[in-house]
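Reading through the structure tokens given below for one structure.
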2 protein chains.
Amino acid sequence: MTRAFNFSAGPATLPETVLRQAQAEMLEWNGVGASIVEISHRSADFMAVAAQADADLRTLIGIPDDYAVLFLGGGATTQQALLPLNFAAPGQRVDYVLTGHWGKTAVKQARPYVDVHIAASSEAGGFRDIPAPAQWQLSNDAAYVHITANETIHGVEFRDVPDVGGVPLIADFSSSIASEPIDVSRYGVIYAGAQKNLGPVGITVVIIRRDLLERAGQPRADIFDYRSHVARDSMLNTPPTWNWYLAGLMFKWMLAQGGVEAFARLSQAKSALVYEAIDNSGGFYRNDVAAAVRSRMNIPFFLPDDELNARFVSESKRAGLLALKGHNAVGGIRASLYNAMPLEGAQALAAFMRDFQRRNG
Amino acid sequence: MTRAFNFSAGPATLPETVLRQAQAEMLEWNGVGASIVEISHRSADFMAVAAQADADLRTLIGIPDDYAVLFLGGGATTQQALLPLNFAAPGQRVDYVLTGHWGKTAVKQARPYVDVHIAASSEAGGFRDIPAPAQWQLSNDAAYVHITANETIHGVEFRDVPDVGGVPLIADFSSSIASEPIDVSRYGVIYAGAQKNLGPVGITVVIIRRDLLERAGQPRADIFDYRSHVARDSMLNTPPTWNWYLAGLMFKWMLAQGGVEAFARLSQAKSALVYEAIDNSGGFYRNDVAAAVRSRMNIPFFLPDDELNARFVSESKRAGLLALKGHNAVGGIRASLYNAMPLEGAQALAAFMRDFQRRNG
């Protein structure tokens with residue numbers, strides 16, 4: 001058994017201790033005579049796991065009591081469709097700020113239901129910066145403002161919470177949740193696919209300020225209604241129980257590591273190692289994102305030509321550094337440094353980068 | 001490690017060999033240096049797993065080439081909302097036949113989008129029978145007819161495919177798929193949450209006759225559009241990869257066991273053992289479902305009073321027979337006998353029932 005350093009953008013690396021516990025409990029969990037994959041979501045045994053995961057996530061992130069927390073299947077993209085259905089009237093104005101690929105996906109899901117207004121966009125500049133909030137063209141009557149806290153493909157991250165006045169701020173935190181402290185009270189809704197910083201694929205966390213649940217929203221199926229999910233504690237239908245359980249193991253691991261403050265220090269240190277290898281390469285490696293908004297989570301970079309990009313991917317894989325190929329939309333290289341990536345992984349990558357440059361620069 | 005016979009209605013028991021393989025591969029899968037939980041859904045490694053699962057399910061069920069197959073998160077209830085959005089015009093007439101709780105859930109999801117007509121219902125009689133298809137009040141202009149092939153709570157199962165003329169027949173097969181041969185060509189759409197006969201929780205199979213994808217449907221988000229999911233091979237967003245992988249292991253196991261014909265014989269034999277214990281009890285155990293439509297998958301039954309029901313549940317659990325408590329909506333006892341339940345489980349249950357009656361009858 002050889003576990004490599006895995007820089008996948010998601011589904012992403014998990015802590016070995018979490019995987020070992022899941023492995024040990026795969027045939028029988030907690031003395032119940034069955035695997036946790038095999039028991040009812042409505043059993044007292046699983047309900048306790050679900051409740052503990054909720055409590056641990058609240059502790060980890062610092063979620064105030066006036067926020068509901070949901071654990072849902074369907075992924076973050078499904079939430080992008082549910083946001084307008086639940087929080088805007090049909091055809092109502094909503095403001096979206098585009099700082100990368102995933103903001104555009106959010107707009108695509110919302111357009112059939114609301115009047116989407118792009119309040120700001122860095123697309124013309126190739127998504128290399130975040131437009132200054134003072135320049136955003138916010139609407140007077142928007143139901144909400146939507147941002148993407150970290151853009152996984154373009155490697156751009158909000159470093160501050162933008163002030164959008166009294167309008168609820170909704171943020172896709174899929175790729176940066178729990179990597180540093182978040183002032184949840186500044187947001188109306190936070191949502192995140194879990195398969196990056198929270199661990200397992202197949203489950204999505206949605207954090208909703210409860211007063212927003214009083215909005216009528218739009219005609220929709222019960223399964224698309226956040227109020228129904230809240231009323232049934234995320235068990236309106238059969239939830240992805242194993243994924244929820246694995247997320248719970250990950251929450252416990254993150255708390256034991258020191259919580260989000262520890263991961264803030266770690267992600268700062270890891271990303272600094274890689275950015276230094278880029279910035280000290282004399283242009284051999286190139287990352288074009290404005291320094292102030294460079295992502296600590298996803299670092300896209302480019303070598304001088306496609307042949308070198310390809311050689312970097314294949315040689316790094318042989319060196320035990322996995323999944324460094326950039327997203328097809330932009331090409332090049334991408335290193336994702338989520339919570340479960342140890343400092344040693346970033347050190348190994350930075351060392352490999354310097355060595356590769358020496359041999360090919 | 002003690003694995004009991006687990007009669008849970010879902011999430012449900014899995015074959016021990018499947019769990020053992022998942023356990024063995026939890027830290028590293030297929031020599032790739034990572035768990036399959038940790039690798040990208042778009043990696044060649046995972047794409048091969050996904051394609052193999054698709055191919056194996058097509059072999060197992062006998063799915064013709066003119067049907068698309070999707071593997072999606074969100075559960076069967078989400079599909080119940082997507083059906084009218086994809087296959088009916090806004091407000092168009094659709095026919096639903098109600099034979100239990102889950103048919104009503106399907107109606108609840110559809111009502112915001114279409115003119116739901118209840119073409120037949122056995123609700124007045126407590127969902128103990130299936131109305132004769134010749135008596136169904138089908139609409140002339142329905143976009144589709146919806147049935148629930150097996151009702152998990154009420155224990156009622158269609159034994160024949162109803163003839164609904166040229167209108168597409170849509171069936172919720174969540175709790176009976178792959179338990180006997182299905183003539184897929186008689187259906188427009190078949191959908192099934194996997195957590196019963198197909199194995200793992202957190203993934204749903206949708207089988208769609210391709211010509212139906214040409215229907216315009218209703219305004220909807222891209223993530224709610226089956227055409228988009230088909231075009232992207234169920235990878236429009238990050239799918240529940242581990243659950244997909246586990247379903248694939250289950251498909252291989254079912255094929256190795258002899259496929260759906262073998263499970264048809266097995267489910268017939270298992271359910272006969274339990275129904276005999278009921279019918280030979282002189283009224284101590286009671287199942288009120290019409291004999292011709294009794295489910296092979298879920299057998300609800302009742303003891304003479306609630307105190308005996310409760311004692312049956314607690315004593316059977318101590319005897320290594322898990323999760324026999326009936327659904328809250330109907331009470332009593334429920335034994336679910338999905339594909340992964342061996343004959344020995346049904347034998348043990350029938351023996352326990354006779355013994356319990358001897359001591360308490």
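Quick note on labels: first sequence line is chain A, next is B, and so on, each numbered from 1. Given the structure is predicted, the values throughout are model-derived calculations rather than measurements.
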Run A:Leu14 and B:Val37 through side chain to side chain contact (heavy atoms under 4.5 Å, CB included) and show every step you take.
CA-CA 8 Å; A:Leu14 287 161; B:Val37 194; 3.8 Å; yes
Pick one of side chain, backbone, both or neither for [X], based on which atoms fall under 4.5 Å of a heavy atom in chain B.
{"X": "A:Pro84", "value": "neither"}
{"X": "A:Gln23", "value": "both"}
{"X": "A:Ala34", "value": "both"}
{"X": "A:Phe46", "value": "neither"}
{"X": "A:Ile203", "value": "neither"}
{"X": "A:Leu72", "value": "neither"}

Please look at B:Gln195 and chain A and tell me whether the side chain, the backbone, both or neither of the residue comes under 4.5 angstrom of a heavy atom of that chain.
side chain
Where on B:Tyr113 is there a heavy atom nearer than 4.5 Å to chain A: the side chain, the backbone, both, or neither?
side chain
Euclidean distance, [Y] [atom2] relative to [X] [atom1], rounded to 0.5 Å:
{"X": "B:Asp222", "Y": "A:Arg111", "atom1": "CG", "atom2": "CZ", "answer": "12.5 Å"}
{"X": "B:His327", "Y": "A:Ser40", "atom1": "NE2", "atom2": "OG", "answer": "8.5 Å"}
{"X": "A:Arg20", "Y": "B:Leu27", "atom1": "CZ", "atom2": "CG", "answer": "4.5 Å"}
{"X": "A:Leu246", "Y": "B:Met26", "atom1": "CG", "atom2": "CE", "answer": "7.0 Å"}
{"X": "B:Asn237", "Y": "A:Thr78", "atom1": "CG", "atom2": "OG1", "answer": "5.5 Å"}
{"X": "A:Glu38", "Y": "B:Leu19", "atom1": "CD", "atom2": "CG", "answer": "5.0 Å"}

Name the option with the most non-hydrogen atom pairs under 4.5 Å to chain A; the candidates are B:Pro112, B:Ala24, B:Gly73.
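If we count pairs closer than 4.5 Å to chain A, B:Pro112 comes out on top.
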Among the listed options B:Arg42, B:Gln80, B:His41, the residue most often paired with chain A at heavy-atom distances under 4.5 Å:
B:His41
Distance-minimising heavy-atom pair for B:Ile39 and A:Ser8
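Between these two residues, the closest heavy atoms are C-OG, 4.4 Å.
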Test side chain to side chain contact (heavy atoms under 4.5 Å, CB included) on B:Phe224 and A:Leu85; report intermediate values, then the result.
CA-CA 13 Å; B:Phe224 295 155; A:Leu85 286 174; 4.1 Å; yes
Backbone N or O of A:Arg3 within a donor-acceptor pair of the B:Glu28 side chain at under 3.5 Å?
no
Side-chain donor or acceptor of B:Asn243 paired with backbone N/O of A:Val201 under 3.5 Å:
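Answer holds: no.
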